[in-house]
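Below, all heavy atoms of this structure are taken into account, side chains as well, without hydrogens, waters or symmetry copies. Just so we're on the same page: letters track the sequence lines, and every chain starts at 1.
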Number of protein chains: 2
Amino acid sequence: MSASRQTASGRQLHHPDRDEIQLEAVLSALADPVRLRIVRALAQGHDDMACIAFDLPVSKSTSTHHFRVLREAGVIRQHYEGTSRLSRLREEDLEARMPGLLTAVLNAEGA
Amino acid sequence: MSASRQTASGRQLHHPDRDEIQLEAVLSALADPVRLRIVRALAQGHDDMACIAFDLPVSKSTSTHHFRVLREAGVIRQHYEGTSRLSRLREEDLEARMPGLLTAVLNAEGA
DNA sequence: ACCTTGGTACGATAAACGTCGTACTACGAT
DNA sequence: ATCGTAGTACGACGTTTATCGTACCAAGGT
């Protein structure tokens, strides 16, 4: 009700703090084809995309699952915007903790 | 019999060619704590180490399993030397396919 | 010839993962 | 007030994964 409401559903999305981001969790998160696809799409300028806009080859629930894995690993940040949930890469945080990792993954061959 | 025998047991270890190395396989391989430990040890100058020399917190058979995952992902190269099997990082191949990735993983915090 | 050492092979098992469908909720528009 | 849209929650299911123990094999030394 107040001005700074979290938009939508009081449900709070858990995001790890920058210094809580774990390498293994990030690697696991990036090791899945669907999630890698999401990350690539976000990196290609499509910042702040709604989940639905990715046109993923999986069902809605599976999609939700993958976004959660990415969020809980600290790879993306999500926030509500009306009925949608927008995602963006946590580029700065990742760069601070694991310099060069995201860039290397995005530029890699063999994907 | 001939001079170029593969040393020990005719059993051949399968290694992917450089251009067959897949990003997802590498990321999966590196996403495990035991395997990350192996890779770190290999990177710290301990090239050509026998499996046993890593002092891993798992059984022999599990150890064999992890080395196979790393090898089949293209992260390490293994060859027989008498009764031991020596491992080394495929740094050049990884750098060629995924520039900066290995370095980023080795330098990352949160591991 | 024997034993030790380093490692593989083969199950077995328990946990984690990716997938789905159905039911549900929240917001926005009609 | 109703409906559509975007997404969640939950439970189920099948597959993959990490782990182990036991049995085995190959190379080297005694």
Can you tell me which residue among A:Ile38, A:Leu70, A:Val75 is in a side chain to side chain contact (heavy atoms under 4.5 Å, CB included) with A:Leu89? A:Val75
Need one value for B:His65: base, sugar-phosphate or nothing, where a base atom within 4.0 Å counts as base even if backbone is also close, heavy atoms only. base
Assign A:Ser84 to base, sugar-phosphate, or nothing according to its heavy-atom contacts below 4.0 angstrom with the strands shown. sugar-phosphate
B:Arg35 and B:His66 side chains, donor-acceptor separation under 3.5 Å: yes
Have B:Thr62 and B:Ser59 got a donor and an acceptor in their side chains that come within less than 3.5 Å? yes
What I want to check is whether an N or O donor and acceptor connect the side chain of B:Ser61 with the base of D:dG21 at under 3.5 Å. yes
Among C:dC20, C:dT8, D:dC20, find the nucleotide with the atom closest to the side chain of A:Ser59. C:dC20
Among D:dC20, D:dA6, C:dG18, the nucleotide that comes nearest once only the side chain of A:Thr83 is considered: D:dA6
Would you say D:dT19 has OP1 or OP2 under 4.0 Å from some side-chain N or O of B:Thr62? no
Presence of A:His66 side-chain N/O under 4.0 Å of C:dC17 phosphate oxygens OP1/OP2: no
Between A:Thr64 and B:Val69, whichever has its closest DNA chain D nucleotide further toward 5' is A:Thr64
Calculate the interatomic distance between [X] atom [atom1] and [N] atom [atom2]; express it in whole Å.
X       : N      : atom1 : atom2 : result
A:Phe67 : C:dG18 : CZ    : P     : 14 Å
B:Glu24 : C:dG18 : CD    : C1'   : 13 Å
A:Ile38 : C:dG18 : CD1   : P     : 11 Å
A:Glu72 : C:dC17 : CD    : P     : 11 Å
B:Leu36 : D:dA18 : CG    : C1'   : 16 Å
A:Glu81 : C:dC27 : CD    : P     : 13 Å
B:Leu30 : D:dT17 : CG    : P     : 15 Å
A:Arg68 : C:dG18 : CZ    : P     : 11 Å

Between A:Tyr80 and A:Leu86, is there a side-chain heavy-atom distance shorter than 4.5 Å? no
Measure from the side-chain N and O atoms of A:His15 to the backbone N and O of A:Gln78, and report whether any donor-acceptor pair falls under 3.5 Å. yes
Is B:Asp32 reaching over with its side chain to a backbone N or O of B:Val34, donor-acceptor style, under 3.5 angstrom? yes
Bending between helix ends of the helix from C:dA1-D:dT30 to C:dT30-D:dA1 [5 pairs per end, 10° resolution]: 10°
When you match B:Leu86 and A:Arg35 each to their closest nucleotide on DNA chain C, which lands nearer the 5' end? B:Leu86
Applying the 4.5 Å side-chain criterion to the ILVMFWY set and letting contacts propagate, would A:Ile76 and A:Leu106 be lumped into a single cluster? yes
